[in-house]
Amino acid sequence: MTEPHVRVRDLRKSYGAFTALDGISFDIERGETFALLGPNGAGKSTTIEILEGYRDRTGGEATVLGVDPQHGGLAWKSRIGIVLQSSGESGNVSVQEQLAYFAKIYPQHRDVDEVIAAVGLTDKAKTRIKQLSGGQRRRVDVALGIIGKPEMLFLDEPTTGFDPEARREFWELIRGLKRDGTTILLTTHYLDEAAQLSDRAGVIAGGKLIDIGRIDEIGGQEARVPLVRWRDPSGLHEERTTEPAAVVARLFASEKGEPRDLEVVRPSLEDIYLDLVGQYEKDNA
Amino acid sequence: MNAISLGIDRARYETKIYFRQGDTIFFTFLFPIVMLSIFSVAFSAAGNFGTDAHGHGGISAAAFYVPGMIAAGILLSGVQNLAVDIANERGDGTLKRLSGTPLPVLSYFIGKIGQVLVTSILQIALLLLVAHFAFGVALPTSGQKWGTFVWVYLLGITTSAVIGIALSRVPRTGRSATAVIIPIVLVLQFISGVYLQFSQLPVWLQNVASVFPLKWMAQGMRYVFLPDGFKTVEQGGVWNLGLIAIVLGIWLVAGLIAARFTFRWIRKDA
């Protein structure tokens, strides 16, 4: 077993009296894609920024590629790629010029034109960045994050502002990086994105990791029990059951025919996530 | 070595961006040339500066203002340009992005100083061309004067650049950068003999100005570009090149120390 690319133990961060991270622990294995999910202000960005070296932790341990990010030198920085949550640079350079310049900073880099093509900006290559739309600028951010052939890529809400088609293209790009063996840490508000891309996910709420596991394990068995919904004269009914077919058959027999608005629903990651966070907030109210 | 070649790449990139920003081109690059033109035209009817008792001799307004405008150009290209530019880059996320890459801080500094050198040499060349060809200002002919020009210029521009880097920490946000930096630079220009004749300022104000580098850059440039007889109105009646070198040297070292110890890519935990 090789050492995990990210190792976090009892990570803590406070700002004065406010505790942003209250002891979280997880590993990300080499080549794995890991998603951090959680409501705004839960501590996702604090976690990712500590791992990127932008913030100093108050307690606990963290290593990225075997190095403490608080003391990550230039050699370490050349092995990681960072896509920040926002950027507002004046953008008086073209997409091509910007990537060609950043490529020079890294000891190894990808081909500039290939990266521009991978983020779908080939026909905007000669356009100044300030003239691009928000979604296009975001793609430049992603391109800058991967130009240096990172072994470890951080993506902080990378697809905010993308249209659905751009989001799907972006997913393809990330799958390609994953096939090349890049380890990825992703934060996102889009649960379908986490389900599409990541091998495992952690859910953060109130600075604590409230669940962690493979995407098909999050929330536990209980949370995945299907739901049968139907309508009768007294209103809408729901029944959680591990045997939905039997419930439907019983309804069919007792209702003497087709039940109205019948649905069998398997909770999506989004339903499970909302349950988890809702439960956490209720317990800590 | 790698940090130096990355610095040269950065200087090339920065210089390209510099000339794409309309506001810096006007307020930093063309400003001294515009001011020289205004003063030359405004005072052209007032007769020559430094005439003898009978109103003969002396030099034109344009010739009189050239040294001050060169000194102002050095200050603007170094201090104003860099302090505002770096504060903006801190505000808009450029520095945060760079701090996540393997770009050494030294290369970033080399890039900024390289951009300042290239743009300010072009600025002064343009200023001298305008002064000579549009306003008929005679330029020095002796190699010794040009030698002095070179060292005062290089010492002045390097000092201004490091002071600019150090001052970039002062504005709290990128937006407030121009509001914080421009008044400092403007006041210095008024008290250091750029717009107003230094010898006519009250002595106490001359003494205040003598603490800051601009007064000395302007004095060095007056030595280069004005007739030798003008030294009688300098402090103590001498050009005092030695003191120019000493004061600028002290500011250079102080600026380097301040830049080295205060520069951070980002304010952690801001």
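Just so we're on the same page: letters track the sequence lines, and every chain starts at 1. Heavy atoms only: backbone and side chains are in, while hydrogens, waters and symmetry mates are out.
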Practice problem: Calculate, to the nearest 0.5 Å, the distance between atoms CG and CG belonging to L6(B) and L74(A) respectively. | Solution: 9.5 Å

Practice problem: First locate atom CG of L103(B), then atom CD1 of I105(A), and finally report the distance between them rounded to the nearest 0.5 Å. | Solution: 4.5 Å

Quiz item: Counting heavy atoms not belonging to R260(B), are there more than 12 under 6.0 Å from its CZ?
Solution: no

Quiz item: Which value, rounded to the nearest 0.5 Å, describes the distance between E14(B) atom CD and Y101(A) atom OH?
Solution: 7.5 Å

Quiz prompt | Proximal component of L84(A), with respect to chain B [non-hydrogen, under 4.5 Å] | solution = side chain

Exercise. Verify side chain to side chain contact (heavy atoms under 4.5 Å, CB included) between L98(B) and F102(A), making sure each step is shown before the conclusion.
Key: CA-CA 9 Å; L98(B) 289 176; F102(A) 274 81; 3.9 Å; yes

Quiz item: Can you find a heavy atom in the side chain of R20(B) that is under 4.5 Å from one in the side chain of V93(A)?
Solution: yes

Quiz item: Does a donor on one side chain and an acceptor on the other come within less than 3.5 Å for Y13(B) and E97(A)?
Solution: no

Self-check item: Over 12 non-hydrogen atoms of neighbours within 6.0 angstrom of CZ in R175(B)
Solution: no

Quiz item: Hey, is the main chain of S99(B) close enough, under 3.5 Å, to the side chain of K77(A) for a donor-acceptor pair?
Solution: yes

Exercise. Could you please state which residues from residues 124-146 of chain A sit under 4.5 angstrom from chain B, measuring non-hydrogen atom to non-hydrogen atom, sorted by number, or 'none'?
Key: R128(A), D141(A), L144(A)

Self-check item: For P102(B) against Y106(A), the heavy-atom pair lying closest together
Solution: CD-CE2, 3.3 Å

Quiz item: Is E52(A) salt-bridged to K96(B), going by a charged N under 4.0 Å from an acidic O?
Solution: no

